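All remarks here apply to the structure that follows.
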Amino acid sequence: MANAQAGGQWYPPEWPGRIRALASGELTPVTPKRAATVMLLKDTGAGPAVHMLRRRTSMAFAGGAYAYPGGGVDPGDDDRHVRWAGPSLDWWADRLGVDRAGAQAIVCAAVRETYEEAGVLLAGPAPDAVVGDTTGADWEADRAALVARELSFAEFLDRRGLVMRSDLLGAWTRWITPEFEQRRYDTWFFVAALPEGQLTRNASTEADRTVWITPHEAAGGYDRGELLMMPPTIATLRQLTAYGTAAEALGAAPARDLTPVLASARLVDGEIVLSWPGHDEFTKHIPTGGAPA
């Protein structure tokens, strides 16, 4: 079970020991798996709200923490036959800092995971259209087949006669799980607006609750220790508080710096200092034999 330090920051109790093992050369970092997550926004009278889910406390990774819909890239996400609309793969490859196949896989993962976990589909029958209601037994059967990996995302789009709307996504930031973690992800965070006519629902087996909440409210809950979150989640929420509408946030995405944020652990005066570049609020000082401060 994770501990919460400094408000609602997710902090696993095994981290200090693993950090010490990494610093001493006893721990070999695992290669991070590519992943994508989407901050789905909708406008409210109090400004844009973001769709968040709470991971089940039984989950091995970040149990009980609030997060956005998302997950790892699947082998089927780079299917060369995927129906595509929006900026070209070359454009996305340059924006995300990967090759064309990687760009397709990451963008497809963002759209696919949003559909799998929230029931929201960023796709349409034409490059300038978006599907409306995605509820019903036939949609649920396809969603379940995607989750079970019985159906690739490209096959799903073909079956439905849909094109994926990559233009509805804005790449926001990129975080890499620290080297001392057992489960590591190289995650691209995107923003998107909830399409008109679509509704979110908790379609994830990994979540026990979903909410629409303004970034300001969510950050306040974190600061009071009421909402548990990982550093990239609360960091992106604080960034989103600057925007008055979903369209403003999407408009700001192209100028966002996608240099990966990777935590570093170093030994200073007999204690380990854990820090995330550019995010001083997450800095931890870990005594050689104690808990973080």
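Quick note: residue numbers are just sequence positions, from 1. On a predicted model such as this, the values are computed, not experimentally measured, just so you know.
- Geometric assessment of R95 against the ring of W188 yields a negative cation-pi assignment under the 6.0 Å and 45° thresholds.
- In this structure, E226 pairs ionically with R224, as a charged nitrogen and a carboxylate oxygen lie closer than 4.0 Å.
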- Task: Check the pair Y68 / L40 against side-chain contact (heavy atoms from CB on, under 4.5 Å), numbers first and verdict last.
- Result: CA-CA 8 Å; Y68 312 114; L40 197 61; over 6 Å; no
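- Side-chain atoms of L169 and V107, non-hydrogen and from C-beta on, do get closer than 4.5 Å to each other.
- Checking side-chain atoms of E155 against main-chain N and O of S152 turns up a donor-acceptor pair under 3.5 Å.
- Distance CD1/I213 to CG/L237: 8.0 Å, rounded to 0.5 Å.
- Between the side chain of T187 and the backbone N or O of A35, no donor-acceptor pair lies under 3.5 Å.
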- Item | Stepwise side-chain contact (heavy atoms from CB on, under 4.5 Å) check, L27 with R18 | CA-CA 7 Å; L27 178 66; R18 294 186 63 83; 3.6 Å; yes
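- Two rings, from F153 and Y115, have their centers 6.0 Å or more apart.
- Under the 4.5 Å side-chain criterion, counting only non-hydrogen atoms from C-beta, H51 is not in contact with L41.
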For a quick test of your reading: what N or O donor-acceptor pairs under 3.5 Å do the side chains of residues 258-265 make, sequence neighbours left out?
from : atom 1 : to   : atom 2 : distance (Å)
T259 : OG1    : D257 : OD1    : 2.7
T259 : OG1    : D257 : OD2    : 3.4
S264 : OG     : S275 : OG     : 3.4

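- Rounded to the nearest 0.5 angstrom, T177 OG1 and D186 CG are separated by 8.0 Å.
- Between the side chain of Q198 and the backbone N or O of L121, at least one donor-acceptor pair lies under 3.5 Å.
- Neither side chain, R34 nor Y185, offers a donor N or O lying under 3.5 Å from an acceptor on the other.
- Hydrophobic cluster membership is shared by L89 and L162, with clusters built from Ile, Leu, Val, Met, Phe, Trp and Tyr side chains linked at under 4.5 angstrom.
- Around atom NE2 of H279, more than 12 heavy atoms belonging to other residues, nucleotides or ligands sit under 6.0 Å away.
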- Message: Using salt bridge (Lys or Arg N to Asp or Glu O under 4.0 Å), reason through D74 and K33 one step at a time and then give a plain yes or no.
- Response: CA-CA 10 Å; D74 182 79; K33 180 181 180 180; over 6 Å; no
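- Between T200 atom OG1 and W212 atom CH2 the span is 5.0 Å, to the nearest 0.5 Å.
- Note that CG of D158 and CZ of F156 are 11.0 Å apart. Values are rounded to the nearest 0.5 Å.
- No path of Ile, Leu, Val, Met, Phe, Trp and Tyr side chains, each step under 4.5 Å between heavy atoms, connects L199 with L122, placing them in separate hydrophobic clusters.
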- Message: Please evaluate residues F282 and L274 with respect to the criterion side-chain contact (heavy atoms from CB on, under 4.5 Å), reporting the C-alpha separation (whole Å), side-chain torsions for both, the decisive distance (0.1 Å), and the verdict.
- Response: CA-CA 8 Å; F282 306 129; L274 174 61; over 6 Å; no
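- A side-chain donor-acceptor contact under 3.5 Å links R165 to the backbone of A129.
- One N or O on the side chain of R256 and one on the backbone of W172 form a donor-acceptor pair closer than 3.5 Å.
- Between E116 and R112 there is a salt bridge, since a side-chain N of the basic residue sits under 4.0 Å from a carboxylate O of the acidic one.
- Residues W84 and L96 fall within the same hydrophobic cluster, defined by Ile, Leu, Val, Met, Phe, Trp and Tyr side chains chained together at heavy-atom separations under 4.5 Å.
- Distance check, rounded to the nearest 0.5 Å: CH2 of W175 to OG1 of T233 gives 9.0 Å.
- When atom types are taken as modelled, the side chain of T214 and the backbone of A49 share no donor-acceptor pair closer than 3.5 angstrom.
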- Message: salt bridge (Lys or Arg N to Asp or Glu O under 4.0 Å), that's the test. Do D223 and R238 meet it? Break it down for me.
- Response: CA-CA 11 Å; D223 290 335; R238 295 202 197 285; 2.7 Å; yes
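- Under the side-chain contact (heavy atoms from CB on, under 4.5 Å) criterion, V30 pairs with R184, not counting sequence neighbours.
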- Task: For L157 and M164, run side-chain contact (heavy atoms from CB on, under 4.5 Å): C-alpha distance rounded to whole Å, both residues' side-chain angles, the deciding distance at 0.1 Å, then the answer.
- Result: CA-CA 7 Å; L157 294 174; M164 190 187 68; 4.0 Å; yes
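- The main-chain N or O of A246 is found under 3.5 Å from a side-chain atom of D43 such that the two form a donor-acceptor pair.
- The backbone N or O of T37 sits nowhere less than 3.5 Å from a side-chain atom of E113 that would complete a donor-acceptor pair.
- Taken together through direct or relayed side-chain contacts under 4.5 Å among Ile, Leu, Val, Met, Phe, Trp and Tyr, L151 and V73 form part of one hydrophobic cluster.
- No path of Ile, Leu, Val, Met, Phe, Trp and Tyr side chains, each step under 4.5 Å between heavy atoms, connects F180 with I176, placing them in separate hydrophobic clusters.
- Considering CD of Q104 and CG of D99, their distance stands at 10.5 Å, rounded to 0.5 Å.
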